[in-house]
**Q** 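A single structure is presented below for examination.
All of these numbers come straight from a predicted model, not from anything done at the bench.
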Amino acid sequence: MPISIQQFVAERTRAQAGSLVEAASELAVEQRRWKPLEKGRSAANQLAECVLINEGSVLMVREQKIPPGMGDMEAFFRGVAELEAGDWKELCARVASSGEALAAAIEELPGELLDHVLDLAWGPASLKEIAVYAGWNMAYHQGQITYISTLL
């Protein structure tokens, strides 16, 4: 029996959150907050972004509301910095839990709301685009984190 787009995206979101945490967990301690050329982004910074994107996406998918950090980019970046400065293990755990929460929200998303559009700080996005973006974002950052692991 075919699965719905919501089930497929939820399955991939769960898997990607797990893959991201696995890649991050393989970093040596000195690599976790290191920034390439002091201009790039640390692995901790990238994980923090993923947490906020995932958690914000849960609210958008479940309630069709834009979280404060998704309507104001300065507030979003302050939130990333706060999370980045915290405990590494808690940050990794929060990536996993936020990925699971988002996957559950996506599974519950009624098909008739897939095309509902929210006006985000960076432009309009449908709920189906929001649902898919978080997984794509985690995959992108997994690649960046894996790259960091090759540099030190």
Side-chain angles (χ1 to χ4, degrees), residues 5-36 38-109 113-114 116 118 120-123 125-152:
I5 189 68
Q6 295 94 313
Q7 290 169 317
F8 175 76
V9 172
E11 177 185 295
R12 298 310 318 141
T13 298
R14 277 188 188 95
Q16 188 54 59
S19 294
L20 177 60
V21 169
E22 183 179 330
S25 297
E26 292 177 8
L27 289 174
V29 172
E30 64 273 9
Q31 292 176 310
R32 296 173 181 174
R33 297 182 197 285
W34 177 76
K35 297 176 183 178
E38 288 305 314
K39 296 179 182 182
R41 295 176 60 198
S42 71
N45 179 275
Q46 294 179 65
L47 291 177
E49 176 191 307
C50 290
V51 166
L52 293 183
I53 294 288
N54 290 351
E55 291 177 351
S57 296
V58 170
L59 184 65
M60 291 187 281
V61 168
R62 280 209 170 118
E63 300 180 29
Q64 295 77 59
K65 293 182 182 175
I66 301 170
M70 299 289 194
D72 175 354
M73 294 309 293
E74 287 182 25
F76 178 79
F77 291 124
R78 280 192 305 274
V80 168
E82 288 173 19
L83 278 175
E84 177 184 11
D87 180 76
W88 177 260
K89 287 184 182 180
E90 288 177 22
L91 183 56
C92 288
R94 200 155 156 194
V95 169
S97 65
S98 66
E100 177 55 40
L102 179 56
I106 293 167
E107 286 174 331
E108 298 165 5
L109 180 62
L113 289 179
L114 288 171
H116 180 78
L118 296 177
L120 305 175
W122 50 86
S126 68
L127 292 180
K128 68 183 170 199
E129 291 169 319
I130 291 165
V132 171
Y133 177 78
W136 173 89
N137 190 54
M138 288 188 286
Y140 169 80
H141 287 296
Q142 179 183 344
Q144 295 299 299
I145 287 169
T146 300
Y147 178 63
I148 286 171
S149 75
T150 70
L151 296 177
L152 285 178

**Q** Carefully, step by step, assess Ser98 and Val58 under the rule side chain to side chain contact (heavy atoms under 4.5 Å, CB included).
**A** CA-CA 8 Å; Ser98 66; Val58 170; over 6 Å; no
**Q** Work out which heavy atom in Ala23 is nearest to a heavy atom in Gln142; give both atom names and the distance.
**A** CB-CG, 3.8 Å
**Q** Considering all heavy atoms of both residues, which atom of Asn54 and which atom of Ala134 are nearest to each other, and what is their separation?
**A** OD1-CB, 3.4 Å
**Q** Taking the side chain as every heavy atom from C-beta outward, state whether Val95 and Val51 have any pair of such atoms under 4.5 Å apart.
**A** yes
**Q** Do you know the tightest heavy-atom contact between Cys50 and Leu20?
**A** SG-CD2, 3.8 Å
**Q** Measure the shortest side-chain to side-chain distance between Ile145 and Leu47 over non-hydrogen atoms and say whether it is less than 4.5 angstrom.
**A** yes
**Q** Can you give me the closest heavy-atom contact between Val80 and Leu52, atom names plus distance?
**A** N-CD1, 3.4 Å
**Q** What residue pairs, at least two apart or across chains, pass ring pair (Phe, Tyr, Trp, His ring centres under 6.0 Å) with a residue in residues 57-95?
**A** none
**Q** Listed by chain and number, what are the side chain to side chain contact (heavy atoms under 4.5 Å, CB included) partners of Arg41, not counting sequence neighbours?
**A** Asn45, Gln46, Glu49, His141
**Q** Return the set of residues passing side chain to side chain contact (heavy atoms under 4.5 Å, CB included) with Glu129 (not counting sequence neighbours), or none when no residue passes.
**A** Ala125, Ser126
**Q** Apply salt bridge (charged side-chain N to carboxylate O under 4.0 Å, His left out) to Lys65 and list each qualifying residue two or more places apart in sequence or on a separate chain.
**A** Glu63
**Q** So Cys92 and Lys89, do their side chains get closer than 4.5 Å, heavy atoms only?
**A** no
**Q** Can you give me the closest heavy-atom contact between Ile130 and Ser57, atom names plus distance?
**A** CG2-OG, 3.8 Å
**Q** Just wondering, do Glu90 and Arg94 contact through their side chains at under 4.5 Å, heavy atoms?
**A** no
**Q** What pair of heavy atoms forms the shortest contact from Ala48 to Leu83, and how long is it?
**A** CB-CB, 3.5 Å
**Q** Tell me every residue that passes ring pair (Phe, Tyr, Trp, His ring centres under 6.0 Å) with Tyr133, counting only those two or more places apart in sequence or in another chain.
**A** Trp136
**Q** To the nearest 0.5 Å, how far apart are NZ in Lys35 and CD1 in Ile148?
**A** 10.5 Å
**Q** Does Ser149 reach the main-chain N or O of Thr146 with its side chain, forming a donor-acceptor pair under 3.5 Å?
**A** yes
**Q** With a 4.5 Å cut-off on side-chain heavy atoms, are Ile5 and Lys128 touching?
**A** no
**Q** Let me know which of Gln7, Gln6, Arg14 forms a side-chain hydrogen bond (donor to acceptor under 3.5 Å, both in side chains) with Glu107.
**A** Arg14
**Q** My understanding is that only residues two or more places apart in sequence, or in another chain, count here; which of them pass side chain to side chain contact (heavy atoms under 4.5 Å, CB included) with Ile66?
**A** Met70, Leu118, Leu120
**Q** Step by step, work out the side chain to side chain contact (heavy atoms under 4.5 Å, CB included) result for Thr13 and Met138.
**A** CA-CA 9 Å; Thr13 298; Met138 288 188 286; 4.0 Å; yes
**Q** Just how far is it from atom CZ of Arg62 to atom CG of Leu127, taken to the nearest 0.5 Å?
**A** 13.0 Å
**Q** Can a donor-acceptor pair be found between the side chains of Glu84 and Ser42 at a distance below 3.5 Å?
**A** yes
